[in-house]
Amino acid sequence: MLQAKPLRSSSTGALAGTIRVPGDKSISHRSLMLGAVAVGETVIHGLLEGEDVLNTAAAMRLLGAQAERGGDGVWRVRGVGLGGLGEPAQVLDMGNSGTAARLLMGLVASHPIICVFTGDASLNKRPMARVTGPLEQMGARFVGRSGGRLPLTVVGSDRTVPITYRLPVASAQVKSAILLCGLNTAGTTTVIEAEPTRDHTELMLRHFGATVTTERMEDGALAVSVTGQPELTGRTIVVPADPSSAAFPAVAALLRPGSELLLPGVGMNPRRTGLYDTLVEMGADIAFENRRDEAGEPVADLRVKHGPLKGIVVPADRAPSMIDEYPILAAAAACAEGTTVMLGLKELRVKESDRLAMVADGLTKCGVKVEVGADDSLTVYGTGKPPQGGATVATAMDHRIAMSFLVLGMATSEPVQVDDGAFIDTSFPGFVALMNGVGARIAGA
């Protein structure tokens, strides 16, 4: 258990400079997992070296793959081939990462091995039944706490069967877990999603040599299918900067007069850019420069300048493309002119914390008028100027809650304190130093 690390953020002048945001967490997890079941060596540039991803690397080593960082900062994974994962001698500790836990459950489910998954206090509260349910249909077995919560034992099988599964709730994690189980299952496994979710798994599977198809159905849903038991070949991967992490310095620059920040090489996958689409609709001055593709993923350099923001209605169908960014959007909305309404936020209640409740409570303490609707909406009443601040905000070990309120504290009249910033390193190592390097004032409380 990490020792609590209270942090205080105070109002600052203009933010200026360049921030190289750490690598994308979603792509980092997947590159390690797929590299571990490929034949040959996978070379990964720009891997996020946060605690969540390092836990995934440790888990892949326990399952029999080699995954090491070279002196040049490049990671190299020597895979065991599809179906070659071995039974780990120790519990697989996934730390704070729901993505890693759910995806890896899918990957090991089609192997005749037993694995025990656990995590930190936050992860062990999160429901896993949405993943274990379809994986049980494919032939794996699970023994866990009520709701399928961790610690949880996976009893895998080498006789898994393909399924066609319609997602009851939009979730890239559930989709990916099923596809990864289907990867080592004879036949075609299909996941049907009513709303498009992150497609990093599909893109990376193709990059490694798997056959993955996406077809539009008559009702408008997408059917994503993987053909089982291909031979995956080690690849070179360049991990783009994480758009979810880039959101924090981007919003900070928008809120501080005179600010201009350059964020190079940020992932611009269209299924991840909902926040940036929303900020532009609110009037944000964001330029997307030097657009290009790297290892199948679109990237761009973001140049962000301060400017006034206005309240808007954020539609529910945008949620899958920005589900992790609502806390920092709420901070921006608190400083905008007019009312911002965010619809369809049910999924926020089962993140690292109940993010919907946490954001509403923190904003209220900082002097912002908010309403949480019975339909899991969040309404923020902005006044066109930063709120009072002066509060201590509970984070419930949630890194995105902590960073969002530290960003808000850069604009508020009085400093904002978070009760624990230790978990920031799970996704954004070096956050405080990077932000202070461009003019922020974040210090231990």
Below 4.5 Å, heavy atoms only, C-beta onward: do [X] and [Y] meet side chain to side chain?
{"X": "Glu49", "Y": "Trp75", "value": "yes"}
{"X": "Asp398", "Y": "Met358", "value": "no"}
{"X": "Ile163", "Y": "Pro134", "value": "yes"}
{"X": "Met60", "Y": "Leu104", "value": "yes"}
{"X": "Thr188", "Y": "Pro162", "value": "no"}
{"X": "Thr99", "Y": "Lys25", "value": "no"}
{"X": "Leu48", "Y": "Pro429", "value": "yes"}
{"X": "Val380", "Y": "Met342", "value": "yes"}

| task | Count the heavy atoms belonging to other residues, nucleotides or ligands that lie under 6.0 Å from CD of Glu231, then report whether that count exceeds 12. | result | no
| message | Does Glu215, at its CD atom, have more than 12 non-hydrogen atoms belonging to other residues, nucleotides or ligands within less than 6.0 Å? | response | no
Does a donor on one side chain and an acceptor on the other come within less than 3.5 Å for [X] and [Y]?
{"X": "Thr197", "Y": "Lys175", "value": "yes"}
{"X": "Thr426", "Y": "Glu51", "value": "no"}
{"X": "Ser176", "Y": "Thr201", "value": "yes"}

Minimum heavy-atom separation for [X] to [Y], with atom names?
{"X": "Ala4", "Y": "Asp420", "value": "CA-OD1, 3.5 Å"}
{"X": "Cys115", "Y": "Pro88", "value": "SG-CD, 3.6 Å"}
{"X": "Pro320", "Y": "Pro196", "value": "CB-O, 3.4 Å"}
{"X": "Leu123", "Y": "Ala101", "value": "CD2-CB, 4.3 Å"}
{"X": "Leu378", "Y": "Ala360", "value": "CD1-CB, 4.3 Å"}
{"X": "Arg8", "Y": "Ala445", "value": "NH1-CA, 3.9 Å"}

Roughly how far, to the nearest 0.5 Å, is [atom2] of [Y] from [atom1] of [X]?
{"X": "Ile192", "Y": "Tyr165", "atom1": "CD1", "atom2": "OH", "value": "11.5 Å"}
{"X": "Glu195", "Y": "Arg271", "atom1": "CD", "atom2": "CZ", "value": "11.5 Å"}
{"X": "Leu135", "Y": "Arg102", "atom1": "CG", "atom2": "CZ", "value": "11.5 Å"}
{"X": "Asn55", "Y": "Asn96", "atom1": "CG", "atom2": "CG", "value": "9.5 Å"}
{"X": "Ile114", "Y": "Glu87", "atom1": "CD1", "atom2": "CD", "value": "5.5 Å"}
{"X": "Lys305", "Y": "Ile286", "atom1": "NZ", "atom2": "CD1", "value": "12.5 Å"}

Has [X] got a side-chain atom pairing as donor or acceptor with [Y]'s backbone, closer than 3.5 angstrom?
{"X": "Arg61", "Y": "Ala67", "value": "yes"}
{"X": "Ser259", "Y": "Leu15", "value": "yes"}
{"X": "Asp158", "Y": "Pro112", "value": "no"}
{"X": "Arg126", "Y": "Ser122", "value": "no"}
{"X": "Tyr326", "Y": "Leu275", "value": "no"}
{"X": "Arg149", "Y": "Lys125", "value": "yes"}
{"X": "Asn124", "Y": "Gly119", "value": "yes"}
{"X": "Arg206", "Y": "Val212", "value": "yes"}
{"X": "Asp419", "Y": "Ala394", "value": "no"}
{"X": "Arg145", "Y": "Leu150", "value": "yes"}

| task | Could you go through the side-chain contact (heavy atoms from CB on, under 4.5 Å) check for Leu85 and Asn184 one step at a time? | result | CA-CA 11 Å; Leu85 297 178; Asn184 191 39; over 6 Å; no
| request: Show your reasoning for whether side-chain contact (heavy atoms from CB on, under 4.5 Å) applies to Leu232 and Leu183. | output: CA-CA 10 Å; Leu232 304 183; Leu183 192 63; 3.7 Å; yes
| query | Can you name the one residue among Val432, Val418, Val416, Val407 that meets side-chain contact (heavy atoms from CB on, under 4.5 Å) with Ile442? | reply | Val432
| field | side-chain contact (heavy atoms from CB on, under 4.5 Å) between Leu329 and Met282, intermediate numbers included | value | CA-CA 11 Å; Leu329 175 61; Met282 295 174 74; 3.7 Å; yes
| task | Mind running side chain to side chain donor-acceptor pair (under 3.5 Å) on His399 and Ser427 for me, showing each step along the way? | result | CA-CA 7 Å; His399 50 124; Ser427 67; 2.7 Å; yes
Salt-bridged, [X] to [Y], with N to O below 4.0 Å?
{"X": "Arg130", "Y": "Glu347", "value": "yes"}
{"X": "Asp301", "Y": "Arg292", "value": "yes"}
{"X": "Arg198", "Y": "Asp324", "value": "yes"}

| Which is it for Phe288 and Leu302 under the side-chain contact (heavy atoms from CB on, under 4.5 Å) test, yes or no, and what are the steps along the way? | CA-CA 5 Å; Phe288 303 90; Leu302 273 54; 3.8 Å; yes
| task | Only counting residues at least two apart or in another chain, list the ones meeting ring-ring contact (aromatic ring centres under 6.0 Å, His included) with Phe117. | result |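 If we apply the ring-ring contact (aromatic ring centres under 6.0 Å, His included) test to Phe117, skipping adjacent residues, there are no hits.
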For residues 31-45, run the donor-acceptor check on the side chains, cut-off 3.5 Å, and write out each pair with its distance to 0.1 Å, sequence neighbours left out.
unit_1: Ser31; atom_1: OG; unit_2: Ile27; atom_2: O; d: 3.3
unit_1: Ser31; atom_1: OG; unit_2: Ser28; atom_2: O; d: 2.8
unit_1: Thr42; atom_1: OG1; unit_2: Arg235; atom_2: N; d: 3.4

| Arg272 and its salt bridge (Lys or Arg N to Asp or Glu O under 4.0 Å) partner, picked from Asp199, Asp277, Asp24 | Asp24
